[in-house]
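Only one structure is covered here, and it is reproduced in the block below.
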2 protein chains.
Amino acid sequence: MKPDKKKRLEAKGWAVGSADEFLNLSKAEFDFIEMKLALSKALSEQRRHSRMTQAELAKRLKTSQSRVAKMEKGDPSVTVDLLIRSLLTLDVPKKQLAEIIS
Amino acid sequence: MKPDKKKRLEAKGWAVGSADEFLNLSKAEFDFIEMKLALSKALSEQRRHSRMTQAELAKRLKTSQSRVAKMEKGDPSVTVDLLIRSLLTLDVPKKQLAEIIS
DNA sequence: GTTCAATATGTCGAATCTGATATAAAGTCA
DNA sequence: TGACTTTATATCAGATTCGACATATTGAAC
C-alpha cells in the first residue's frame, strides 16, 4: 500500500495492516493529519453554509473544482497552507481557525 | 523590488513604497503572513527555551541549520506546514498552536 | 583586534504542491 | 429509466518548497 493512502486511511481512524503500522505514525504526524482533516471539514462546511457548489467556491478561490474536492477530502496533495489561505479568503476569522485546529 | 522581499517587509509592519502598496495585501494575505510570523517566533522561542542551537534543533527535526534559520526568520520559502510540523515535533500541544495563531 | 561558535543568506537539484483538464462516479429530479 | 448537476479521481506540466551545502555575517569571550 502506498504511504499516502495508508496515511489517509489511518488518519480517518483505520488501523491499516496492523496495530504496529498504525502506531508508526508519531504523535506529531498524527496530530498534523488530524489538524489537516479538521481544516478540510471546516472548508466543506463553510461552503455548504454559503450554499455554493465546489465549482463556485473554486472560482472564488481562483482555483479549480477538482482542487476544491481534494481540499475537502483532505487529499495528501493539499497543504495546510492552502487550506488556511482558503478559509481566510472566505473571511473565517483567525480565532475560529484556532478553534478548528485545537 | 521582488514581491517576496516586499511581502516580508510589509509583514513586519513596513509600508513599502506607498500606503497603497501596503494596502494591496488583502486581509486574508495579511492574516496569513501574520500567522506565519507568529509560528516562526514561537519556534525560535521554543528552541531557546530548550537551550538548543539551530544546528541541534535541525538534527532533531531532520533538516539543516539553514532551514531552521529560515523558519525562524519567516522566510518566504518556508510553509506553515513545515512550521506546524516542527512545533508538533517539539511536543507543542495543539492547544498552544491555536493560541499562537490567534 | 582575533578566534571560535552561532546565525543568516544564497544557491541548487530533487521532491512536493499547484491549477488545470479529462473523465468517472454519485446524486437529483422528472 | 435518462438527462443533468455535482462531486471525486487520475494525471500532468509548471511552480514552489525541500534539505543540503557553501559562505557571509553576527556575537561572545578573551
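In the text below, chain A, chain B and the rest are named by the order of the sequence lines, each starting its count at 1. This is a predicted model, so every value here is computed, not measured.
One atom, CG of A/Leu82, and another, P of C/dA20, lie 12 Å apart when rounded to the nearest Å. The nearest whole Å value for the distance from the CZ atom in B/Arg47 to the P atom in C/dA6 is 10 Å. In this structure, the NZ atom of B/Lys73 is 12 Å from the P atom of C/dG10, given to the nearest Å. Between A/Leu83 atom CG and C/dC17 atom P the separation is 12 Å, expressed in whole Å.
Across A/Gly74 and A/Ser40, no two heavy atoms sit closer than the pair CA-OG, 3.3 Å.
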Identify every side-chain donor-acceptor pair in residues 93-102 of chain B under 3.5 Å, counting partners at least two apart or on other chains, and give the distances.
from     : atom 1 : to      : atom 2 : distance (Å)
B/Lys94  : NZ     : A/Glu34 : OE1    : 2.7
B/Ser102 : OG     : B/Ala98 : O      : 2.5

Check residues 78-92 of chain A and write down every donor-acceptor pair under 3.5 Å in which the side-chain atom is one partner and the other belongs to a residue at least two apart or another chain.
from    : atom 1 : to      : atom 2 : distance (Å)
A/Thr79 : OG1    : A/Leu82 : N      : 3.1
A/Asp81 : OD1    : B/Val80 : N      : 3.1
A/Asp81 : OD1    : B/Asp81 : N      : 2.9
A/Asp81 : OD2    : B/Val80 : N      : 2.9
A/Ser86 : OG     : A/Leu82 : O      : 2.7
A/Thr89 : OG1    : A/Arg85 : O      : 2.8

Please output the side-chain donor-acceptor pairs of residues 47-56 of chain A that fall under 3.5 Å, not counting sequence neighbours, one pair per line with the distance.
from    : atom 1 : to      : atom 2 : distance (Å)
A/Arg47 : NE     : A/Glu72 : OE2    : 2.6
A/Arg47 : NH1    : A/Met52 : O      : 2.9
A/Arg47 : NH2    : A/Glu72 : OE1    : 3.1
A/Ser50 : OG     : A/Gln46 : O      : 3.1
A/Thr53 : OG1    : A/Ala55 : N      : 3.4
A/Thr53 : OG1    : A/Glu56 : N      : 3.1
A/Gln54 : OE1    : A/Gln65 : NE2    : 2.9
A/Gln54 : NE2    : A/Glu72 : OE1    : 3.2
A/Glu56 : OE1    : A/Thr53 : N      : 2.8

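The distance from atom NZ of B/Lys73 to atom OG of B/Ser44, rounded to the nearest 0.5 Å, is 9.0 Å.
Residues A/Leu57 and A/Thr63 are not in side-chain contact: their nearest non-hydrogen atoms beyond the backbone lie 4.5 Å or more apart.
Taking the salt bridge (charged side-chain N to carboxylate O under 4.0 Å, His left out) definition, one finds that A/Lys27 meets it with A/Asp31, sequence neighbours left out.
Contacts between residues 51-72 of chain B and DNA chain C, defined by a heavy-atom separation under 4.0 Å, are made by B/Thr53, B/Gln54, B/Gln65, B/Ser66, B/Ala69, B/Lys70.
With the end axes of the helix from C/dG1-D/dC30 to C/dA30-D/dT1 each set by five pairs, the angle from one to the other reads 50° at 10° resolution.
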| said: Is there a side chain to side chain contact (heavy atoms under 4.5 Å, CB included) between B/Ser77 and B/Lys70? Walk through the geometry before answering. | reply: CA-CA 8 Å; B/Ser77 80; B/Lys70 281 164 185 163; 4.3 Å; yes
